[in-house]
Protein chains: 2
Amino acid sequence: MAVTLADVAARAGVSPATVSRVLKGNYPVAEPTRQRVLRAVEELDYVLNGPASSLAAATSDLVGILVNDIADPFFGILAGAAQSAIGTSPGAGGARTEKLAVVCNTGGSPECELTYLTLLQRQRAAAVLLVGGALEDPAHQRAMTAKLRQLADGGTRVVLCGRPAPSRDDASVTVLTFDDHGGARELTAHLLALGHRRIGCVAGPEERTVARHRLAGHRAALVDAGLTEGVERMTVRGPYDRPAGYAGACELLSREPELTAIVAANDTVALGAAAAVRDRGLRIPGDVSVAGFCDLPSAVDTVPALTTVRLPLVDAGARAGRLAVGDESAPAGPLELAAELVVRDSTAPPPGG
Amino acid sequence: MAVTLADVAARAGVSPATVSRVLKGNYPVAEPTRQRVLRAVEELDYVLNGPASSLAAATSDLVGILVNDIADPFFGILAGAAQSAIGTSPGAGGARTEKLAVVCNTGGSPECELTYLTLLQRQRAAAVLLVGGALEDPAHQRAMTAKLRQLADGGTRVVLCGRPAPSRDDASVTVLTFDDHGGARELTAHLLALGHRRIGCVAGPEERTVARHRLAGHRAALVDAGLTEGVERMTVRGPYDRPAGYAGACELLSREPELTAIVAANDTVALGAAAAVRDRGLRIPGDVSVAGFCDLPSAVDTVPALTTVRLPLVDAGARAGRLAVGDESAPAGPLELAAELVVRDSTAPPPGG
DNA sequence: CTGTTAGCGCCTTCAG
DNA sequence: CTGAAGGCGCTAACAG
């Protein structure tokens with residue numbers, strides 16, 4: 001059924017070893033021989049047997065990219081950038097490496113995350129890229145630490161993007177994070193500067209790193225301004241989706257009708273919150289300011305255009321991809337990418353401010 | 001370095017074959033033996049060597065999902081649904097199949113598409129799922145037909161979701177499509193029923209199946225209404241993104257200032273078009289109606305909420321996933337999923353209509 | 001139910 | 001620069 005290396009060798013009148021060498025391209029072969037082999041490959045429609053190759057070489061060209069939610073553009077953009085950085089990788093020696101960059105959707109589930117890592121480990125993946133926040137459950141973190149170490153010991157490169165290492169001082173993984181704390185702090189500071197004093201927060205899931213960092217940044221700004229009263233009351237939690245934003249804003253508005261601003265866990269949540277605000281007959285930003293986080297492409301298209309914090313997603317993804325294939329050498333320590341406040345039309349001074 | 005099946009066998013005091021059998025679970029093994037083996041696996045932290053396994057068995061558990069743009073929620077939703085349908089697959093005999101469902105981002109590039117297929121073919125993938133429209137270039141279609149046949153001949157299941165088969169009567173691939181034509185036709189009919197007579201269209205890329213079908217549906221509705229004049233002039237083309245919608249709407253509005261409605265290639269394009277309309281000082285839907293296609297989750301959050309055509313993305317993805325792993329038997333012929341008109345607030349009768 | 005025996009297709013020293 | 005040979009780790013018949 002399948003044509004093998006040996007068939008090609010026979011056809012080209014050379015040994016299997018020679019065919020292997022021209023295919024890999026990492027070993028000198030006389031040009032005429034090369035041509036002959038290539039032609040034979042053409043004629044026979046030969047395709048390398050990956051499993052056999054990986055078995056013999058004890059490595060594979062698979063690179064796994066794990067994301068929490070593939071339907072969320074945040075992850076899509078990051079993963080897309082990483083994937084194309086990996087695909088266009090020039091390779092170590094100039095020879096194009098045909099890496100198979102694939103993305104795996106964990107749905108944010110820890111079990112799923114571990115399962116995918118094991119599957120990737122089975123395949124002897126060349127690298128694994130974990131994108132986005134992690135669950136802060138001790139048991140899971142322990143399991144992750146162990147698994148990542150196993151992976152690293154097995155020779156697969158591990159890079160984390162947008163999440164901290166599950167355990168300190170683990171030199172085997174390279175880490176790339178966003179300054180979620182700083183970004184959130186700056187955003188809330190902006191609102192405070194406009195004159196807001198009652199700022200609600202629709203935060204993300206309690207047990208997730210990213211959500212915690214953003215909320216902490218928000219609160220740090222509040223503390224900076226001496227506002228410590230009612231903070232807990234003006235915070236609600238929920239998943240990173242639109243309904244959470246809607247429900248969260250409703251809850252906040254009923255708990256605290258005097259609210260003049262709402263910061264959301266991300267742009268999508270902000271959209272939901274904005275809808276809730278509008279449905280209560282309040283204007284944005286006239287009555288209530290609303291702000292997001294991430295600066296997804298759609299943020300500029302909301303009405304009014306969303307004030308948010310821009311995260312360098314494309315840059316981060318590309319960089320993570322390059323780190324994964326070794327095109328870029330790992331930094332000494334964790335690398336933190338800056339977040340930038342983007343003020344648009346959804347925030348303004350409070351009514352009567 | 002790596003612990004192998006033989007190590008586990010030695011530890012458990014059984015033969016390698018037995019270990020293999022308990023791991024695969026598809027062969028009777030005495031319970032006590034089973035336990036012993038499982039314990040040895042635990043103790044040794046053994047993980048199966050995928051390449052070796054695939055080589056020996058001549059199959060792998062890899063399932064590739066190819067998408068045109070991973071940052072586009074249309075593909076994200078579809079891919080996510082497929083992936084979870086594959087992951088939760090109960091397997092043929094009740095034993096859980098640990099399929100590794102991965103998504104590959106082609107960026108819409110034909111070369112990339114072919115490259116990924118070859119890579120997947122190398123891995124002897126169990127199935128390949130092609131999601132979204134295809135390029136209608138004869139050379140590429142020929143290449144795809146050949147490649148897909150190779151894949152199918154090699155034993156990998158091929159399913160197309162949202163795209164027609166590259167060549168007719170190819171029984172080796174199973175096809176699942178959306179009724180883009182019917183949906184577009186219904187949408188334009190809705191606009192016509194409201195009284196619109198000058199309807200612009202910001203269509204998708206000319207050479208893509210989906211774009212062609214939607215445009216054809218739109219025009220069919222126009223013909224139904226006896227409106228054939230100026231159709232070409234009221235059509236512009238562009239990629240499936242927001243800037244294309246913005247630019248397209250600007251162009252249409254300057255070509256034909258009397259336009260009272262715009263239908264877009266998809267929801268994202270519609271967002272851009274809406275922004276352009278607003279930026280010209282026109283109101284939606286008061287002066288110009290705007291409609292999208294797909295009904296992405298965000299469509300309901302635009303202001304005004306977008307009239308669009310709903311495509312059953314989750315259902316389609318899940319079904320495609322099940323077809324890919326063989327949980328659902330392939331239909332006799334191509335399966336076409338219905339599209340449903342969703343009327344919201346972005347369409348209304350034309351001014352003075 | 002369990003052990004034995006051959007490969008699966010390729011890569012990689014080692015000679016020539 | 002090219003060929004020969006051994007083995008990567010696992011599975012799949014066969015026996016028993």
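Keep in mind that the numbers below use all heavy atoms, side chains included, and drop hydrogens, waters and symmetry copies. Numbers restart at 1 for each chain; the letters A, B, ... are given by sequence-line order, proteins then strands.
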(request) Provide the closest heavy-atom pair for A85(B) versus G321(B) in the form atom of the first, atom of the second, distance. (result) CB-CA, 4.3 Å
(message) Would you say T18(A) places a side-chain N or O within less than 4.0 Å of OP1 or OP2 belonging to dC1(D)?
(response) no
(request) Report, as a single string ordered 5' to 3', how protein heavy atoms within less than 4.0 Å touch nucleotides 8-16 of chain C: B base, S sugar-phosphate only, - not at all. (result) BBBSBB---
(request) Could you pull out the closest heavy-atom pair between L160(B) and A165(B), with the gap in Å? (result) CD1-CA, 3.5 Å
(request) Tell me, please, which residues at least two apart from E111(B) pass side chain to side chain contact (heavy atoms under 4.5 Å, CB included). (result) S109(B)
(message) With a sphere of 6.0 Å drawn around CZ of R149(A), does it hold more than 12 non-hydrogen atoms of other residues, nucleotides or ligands?
(response) no
(message) If you count heavy atoms of other groups shown closer than 6.0 angstrom to CD of E31(A), is the number above 12?
(response) yes
